[in-house]
Amino acid sequence: MRCVKLLFVAPLALLSACNAARGPSPGVGFDPSQANYIRAPGRGVIAGQAFLRDGSGQSNVRYAAGETVRLIPATTYAQSRIKNFYGSVKFLPAASIPKVEPDTQYASLTRTTTTESNGRFTFENVAPGRYYLTTQLIWKPKDAPTPEGGAMYEEVTLTGKENGPVKVVLSGN
């Protein structure tokens, strides 16, 4: 009987561990002075599109319509947070996205925008610096037991010498 209980409890424990909060590494605190450049005046433009190919074939694309895209200064804290959240990939399937407690001070030194119906987004007046762009695209196919899609990010650097928009694709690749 004990073995039977373990067969049911062990998978649940593993699933819980997969969805545990993955914040920054211990000992890495948020230093607002590292992120203040996001508030500096800038002339940079980041233009992008967020989409995923769904599981039904290469030609089926789902656009991140109406999703929030976050522009995050690549501080030591943000780098640790991104690494612990995504690991060595730039995409997390919907079922693997952990519950993460929001850090209000960290979030206050980011910028957000909302994607258009075709997944396109723009950040204007961006100061030079290194940034992460994050968003998610999650949907539940009809008659499917679990949602598809997930969370994704990309990294971009603005030098201040760009002659046009820096183009970014958020596609989980």
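Nothing here was measured: the structure is a model prediction, and the numbers come from that model.
- The shortest non-hydrogen separation linking I46 to V168 is CG2-CG2, 3.8 Å.
- Of the possible polar contacts, one joining the Q49 side chain to the N118 backbone as a donor-acceptor pair under 3.5 Å is found.
- S171 contributes atom OG, which lies 11.0 Å from atom CG of L137 (distance to the nearest 0.5 angstrom).
- Counting only heavy atoms from C-beta outward, the side chains of T134 and I82 approach each other to under 4.5 Å.
- Going from atom CD of Q136 over to atom CD of E67 covers 5.5 Å, rounded to the nearest 0.5 Å.
- Among all heavy-atom pairs drawn from G172 and L52, the shortest one is N-CD2, 4.4 Å.
- Atom CZ of F121 is separated from atom CG of L170 by 4.5 Å, given to the nearest 0.5 angstrom.
- Using a 4.5 Å heavy-atom threshold, the side chains of R39 and P73 count as separate.
- The minimum heavy-atom distance between E154 and K90, with the atom names listed, is OE2-NZ, 2.6 Å.
- Side-chain contact between P98 and F85 is present, with at least one heavy-atom pair separated by less than 4.5 Å.
- At a threshold of 4.5 Å between side-chain heavy atoms, the hydrophobic network of Ile, Leu, Val, Met, Phe, Trp and Tyr places M152 and V89 in two separate groups.
- F30 and A35 make their closest contact through CZ-CB, 4.1 Å (heavy atoms, listed as atom of the first residue, atom of the second, distance).
- With rounding to the nearest 0.5 angstrom, the CZ atom of R120 is 8.0 Å from the OH atom of Y63.
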D31/T75 under side-chain contact (heavy atoms from CB on, under 4.5 Å): CA gap, chis, key distance, verdict: CA-CA 8 Å; D31 179 356; T75 63; over 6 Å; no
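- For T110 (side chain) and A107 (main-chain N/O), a donor-acceptor pair under 3.5 Å exists by modelled atom type.
- Aromatic ring pairs are classed by plane angle as parallel below 30°, tilted from 30° to 60° and perpendicular above 60°; the pair Y153 and Y86 is tilted.
- Two residues are said to be in side-chain contact when any heavy atoms from C-beta on lie closer than 4.5 Å; R81 and I72 fail this criterion.
- Distance CD1/I138 to CD/E148: 11.5 Å, rounded to 0.5 Å.
- A donor-acceptor contact shorter than 3.5 Å links the side chain of Q34 to the backbone of T76.
- With hydrophobic clusters built from ILVMFWY side chains whose heavy atoms lie under 4.5 angstrom apart, L92 shares a cluster with W139.
- A donor-acceptor contact shorter than 3.5 Å is absent between the side chain of T157 and the backbone of G129.
- Q79 places a side-chain N or O within 3.5 Å of a backbone atom of A74 that can act as its donor or acceptor partner.
- Within the model, atoms OG1 of T104 and CG of L109 stand 10.5 Å from one another, a figure rounded to the nearest 0.5 Å.
- A65 and S117 get closest at one heavy-atom pair: CB-O, 3.5 Å.
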From CA spacing to verdict: side-chain contact (heavy atoms from CB on, under 4.5 Å), T122, V45: CA-CA 7 Å; T122 304; V45 175; 3.8 Å; yes
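- Contact check for V69 versus T115: side-chain heavy atoms found under the 4.5 Å cut-off.
- Minimum heavy-atom separation, F123 to R70: CZ-C, 4.3 Å.
- Within 6.0 Å of NZ on K140 lie more than 12 heavy atoms contributed by other residues, nucleotides or ligands.
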